[in-house]
Number of protein chains: 2
Amino acid sequence: MLTERQSMILNAIVDDYIRSAEPVGSRSISKRGDVAFSPATIRNEMADLEELGFLEQPHTSAGRIPSNKGYRYYVDHLAPLKPLRAEDLKLFKQLAAEKLNAVEEVIQHAGTILASMTNYTSILMGPEMFHTVLKHFQLLPISETTAVAIIVTSTGEVENKTVSIPKGVSASDMERMANILNAKLAGVPMHKLKARLYSEIGQEIQRHAEHYEGLMKLLDDSLENGKDPKVFLSGTTNMLIQPEFKDIGKLKTVLDLLEETPTLMRLLNSEQRGIQVRIGSENVHQAFIDCSLITATYSLDGEAFGTIGILGPTRMEYAKVIGTLDLLSRAMSRALAGRYGA
Amino acid sequence: MLTERQSMILNAIVDDYIRSAEPVGSRSISKRGDVAFSPATIRNEMADLEELGFLEQPHTSAGRIPSNKGYRYYVDHLAPLKPLRAEDLKLFKQLAAEKLNAVEEVIQHAGTILASMTNYTSILMGPEMFHTVLKHFQLLPISETTAVAIIVTSTGEVENKTVSIPKGVSASDMERMANILNAKLAGVPMHKLKARLYSEIGQEIQRHAEHYEGLMKLLDDSLENGKDPKVFLSGTTNMLIQPEFKDIGKLKTVLDLLEETPTLMRLLNSEQRGIQVRIGSENVHQAFIDCSLITATYSLDGEAFGTIGILGPTRMEYAKVIGTLDLLSRAMSRALAGRYGA
DNA sequence: GTTTAGCACTCATTTGAATAGAGTGCTAAC
DNA sequence: GTTAGCACTCTATTCAAATGAGTGCTAAAC
């Protein structure tokens with residue numbers, strides 16, 4: 001689609017623009033050395049590239065900036081990942097070495113590493129609960145009217161929810177319930193718990209206790225939580241240092257969206273494994289129109305998958321970020337592997 | 001210290017400035033109606049007030065703005081709290097009515113209400129653990145090498161921590177440990193748990209098991225968490241809409257500090273009960289030099305205290321915020337009262 | 001003695017014109 | 001096909017003048 005030279009020039013422009021955040025002119029490209037043509041020649045090519053939609057011109061007498069299409073081409077034809085700097089690698093090693101026990105700790109730590117290494121905002125999602133199974137269930141009375149339901153999953157995560165105790169249900173009732181649940185539901189995937197509760201536990205409970213309705217309500221409530229993976233953010237304030245967000249309005253739109261966990265989850269989610277780059281308007285959400293979101297997936301014992309991502313301006317250091325995400329997602333998969341059997 | 005008239009004028013200036021964020025001149029005060037003097041008279045008083053340190057002048061030909069001392073006077077002589085708007089009261093009623101079970105849910109919800117009502121940033125701190133006592137302890141093996149320690153407090157909060165199992169410790173060992181802890185430490189205040197572990201549980205464990213060192217380490221680790229109250233933020237992006245933070249540098253300083261939970265906790269903490277106003281440099285932390293922090297305490301069954309606070313620019317709607325905090329802290333105390341016995 | 005009208009003065013902000021500079025597009029020469 | 005040269009466009013900068021909000025002071029009015 002593009003000639004060798006056009007490709008080189010586009011590459012040089014994107015590179016330059018990523019560094020400087022200023023429209024780049026023909027002269028500066030010519031001087032870079034890697035494209036040994038005169039400014040005039042480069043100008044001709046730039047005009048063509050603009051016509052093809054890879055470049056844009058803020059105004060007639062300015063240099064060119066990459067369009068979304070331009071970034072897309074750049075990313076798709078990115079040179080092989082360059083190795084990370086030694087100091088960055090050290091951080092990864094630390095992650096692997098550090099004795100982090102719960103999955104969530106690993107994730108959170110990875111998030112801060114990611115944000116500090118890239119100077120962008122990191123968004124990490126815990127593993128989907130698809131392959132996570134119930135390890136232990138407990139129902140603990142706190143007062144006359146309330147109890148705490150505790151769910152421990154195979155990944156070591158502990159979910160809890162306070163529920164109210166229906167009238168007439170005694171502490172021993174609850175203990176029996178918990179025992180039944182543990183016996184019948186341990187090892188069942190989290191997202192199937194509720195269905196199993198009705199299909200298998202229902203009649204059991206009817207046999208053992210009187211307050212069928214109340215108890216079922218209690219258990220149903222107890223299992224309510226813990227299906228949705230959590231979202232961890234780090235480095236949100238890094239957004240402030242990007243010149244494209246010196247406009248506070250734009251900034252607020254983005255930061256506000258970052259607080260909306262459910263929307264964020266929808267944006268991060270994708271069936272696809274591996275690295276994914278969404279540039280500018282490729283992001284469905286209006287608020288991310290000036291942002292690029294790069295995500296990678298990590299796995300937990302090759303089964304459950306989680307997502308790690310970086311959000312930055314479209315003018316993002318793609319090469320570095322993609323390389324970092326790639327390595328970190330592997331590092332995470334490694335750090336998590338084997339620790340938590342299903 | 002100030003004459004009646006000076007006081008009125010200062011009041012008018014602060015009021016005006018809070019609304020407009022612009023230096024206010026003698027003329028506009030004169031036209032307000034509540035200070036029926038000519039601009040010239042008001043100018044004289046303003047000059048005096050400036051000399052006394054209550055006002056400042058950005059430059060010679062500008063109006064005056066309140067100094068920290070001016071705000072302080074304003075706050076200390078604030079007119080009796082005006083009643084909230086009907087729609088705001090409705091939000092409070094909702095808080096009380098809604099069936100929120102865990103203390104943390106109540107706090108979090110109160111935080112969002114607070115932020116949306118005031119358009120500032122709300123900072124809420126859970127009740128200090130001073131009067132919270134241990135309700136239940138559990139140690140649950142997850143894999144060969146790791147276990148989850150679960151601590152349930154009298155307030156219904158569930159803390160959990162993943163710990164590694166020392167070599168040679170069996171599942172039954174752990175079960176016995178948990179039983180001992182429950183028997184001996186239930187009802188003990190959270191902040192005393194560790195001390196009691198060593199003073200009372202030590203020899204007990206020595207008698208029952210072989211791996212004394214490993215077990216003590218395990219239990220010590222398990223109790224590590226859960227002493228510190230949590231901090232909840234809401235409406236951080238409201239900071240962006242304040243004109244005083246259109247300077248991104250300043251903004252970042254503040255937002256960065258908001259991410260530092262421990263520092264935040266230190267800033268919020270105070271022995272004092274009731275409402276407290278810290279204006280500008282009265283805040284110890286450099287980052288809050290242009291901010292005011294207003295806090296109120298709520299109680300949980302009259303024993304444990306938590307803090308709710310609002311962070312905004314020094315040019316803050318003090319009357320409204322103080323009124324809101326006052327009512328909300330009472331509403332929270334009410335909403336929490338009686339639900340969670342010690 | 002207190003209050004106020006009047007007025008000269010100050011200083012930030014706005015406005016507009018002139019200028020500089022970066023970069024382009026086109027043409028003609030190499 | 002490539003490049004030097006040049007006219008042209010448009011933004012950003014600079015500077016001076018105009019604007020206007022607001023003050024401080026003085027002298028008159030109450």
Side-chain angles (χ1 to χ4, degrees), chain A residues 2-10 12-17 19-67 70 243-244 246-247, chain B residues 2-10 12-67 70 243-244 246-247 315:
Chain A
L2 291 188
T3 67
E4 178 72 14
R5 195 166 69 186
Q6 282 175 327
S7 184
M8 277 170 59
I9 290 176
L10 176 56
I13 290 174
V14 176
D15 256 4
D16 246 44
Y17 184 64
R19 259 196 319 96
S20 68
E22 299 283 316
V24 353
S26 52
R27 217 175 114 76
S28 60
I29 294 298
S30 171
K31 277 199 295 197
R32 274 173 51 118
D34 54 348
V35 187
F37 290 96
S38 78
T41 310
I42 292 174
R43 271 207 292 285
N44 286 330
E45 297 285 28
M46 280 161 93
D48 289 350
L49 283 169
E50 182 171 358
E51 199 154 341
L52 290 169
F54 292 95
L55 295 178
E56 283 168 6
Q57 211 172 8
H59 54 85
T60 346
S61 71
R64 304 301 210 290
I65 62 175
S67 66
E244 21 272 285
K246 69 180 187 310
D247 171 4
Chain B
L2 292 188
T3 68
E4 178 72 12
R5 194 166 70 185
Q6 283 174 326
S7 184
M8 276 169 58
I9 290 175
L10 176 55
I13 291 174
V14 177
D15 256 4
D16 245 46
Y17 185 64
I18 285 176
R19 258 197 319 97
S20 69
E22 301 282 317
V24 354
S26 53
R27 216 175 115 74
S28 60
I29 295 298
S30 171
K31 277 198 296 198
R32 273 173 52 117
D34 54 349
V35 187
F37 291 96
S38 78
T41 310
I42 292 174
R43 270 205 294 284
N44 286 330
E45 297 284 29
M46 281 162 95
D48 290 350
L49 283 169
E50 181 170 0
E51 200 155 338
L52 290 169
F54 292 95
L55 294 179
E56 284 169 4
Q57 212 172 9
H59 55 86
T60 344
S61 71
R64 304 301 210 290
I65 63 175
S67 66
E244 21 271 286
K246 67 181 189 308
D247 171 5
R315 185 188 58 79

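What's counted below: heavy atoms across the whole structure, side chains too, no hydrogens, waters or symmetry copies.
- Without hydrogens or angle criteria, A/Ser20 side chain to A/Asp16 main chain gives a donor-acceptor distance under 3.5 Å.
- For C/dG6, the base has a donor-acceptor partner in the side chain of B/Arg43 [N/O atoms by modelled type, under 3.5 angstrom].
- Taken from CZ in A/Phe37 to CZ in A/Arg5, the straight-line distance is 4.5 Å, to the nearest 0.5 Å.
- Counting to the nearest Å, the P atom of D/dT3 and the CZ atom of A/Arg5 are 8 Å from each other.
- Scanning both residues, A/Gly70 and A/Leu10, for their nearest heavy atoms gives O-CD2, 4.2 Å.
- Taking only side-chain nitrogens and oxygens, B/Ser61 never comes nearer than 4.0 Å to OP1 or OP2 of C/dA12.
- Taking for each of B/Pro58 and B/Ser38 the nucleotide of DNA chain C with the nearest heavy atom, the 5'-most of the two is the partner of B/Ser38.
- Counting only distance, with no hydrogens or angles, the side chain of B/Ser67 and the backbone of B/Gly53 share a donor-acceptor pair below 3.5 Å.
- Backbone-only engagement by B/Thr60 is indicated by non-hydrogen atom pairs under 4.0 Å involving sugar-phosphate atoms exclusively.
- Residue B/Arg27 places no side-chain N or O under 4.0 Å from the OP1 or OP2 atom of D/dG20.
- At whole-Å resolution of the value, CD1 in B/Ile65 and P in C/dA12 are 14 Å apart.
- Rounded to whole angstrom, the span from the CD1 atom of B/Ile9 across to the P atom of D/dT23 amounts to 12 Å.
- Atom CG in A/Leu55 sits roughly 14 Å away from atom C1' in C/dG23 (whole-Å rounding).
- In this structure, the NE2 atom of B/His59 is 15 Å from the P atom of C/dT10, given to the nearest Å.
- The nearest whole Å value for the distance from the CG atom in A/Asp16 to the P atom in C/dG23 is 11 Å.
- Minimum interatomic distance between A/Arg32 and A/Asp15 (heavy atoms only, all atoms of both residues): NH1-CB, 3.7 Å.
- Set against D/dT23, C/dT4, D/dT3, the side chain of B/Asn44 has C/dT4 as its closest nucleotide.
- Phosphate proximity of C/dT3 to B/Thr41: absent, as no side-chain N or O sits under 4.0 Å from OP1 or OP2.
- Taking atom NZ of B/Lys31 as the reference point, atom P of C/dT4 lies 16 Å away to the nearest angstrom.
- What separates CG of A/Asp48 from P of C/dC26 is a distance of 11 Å, to the nearest Å.
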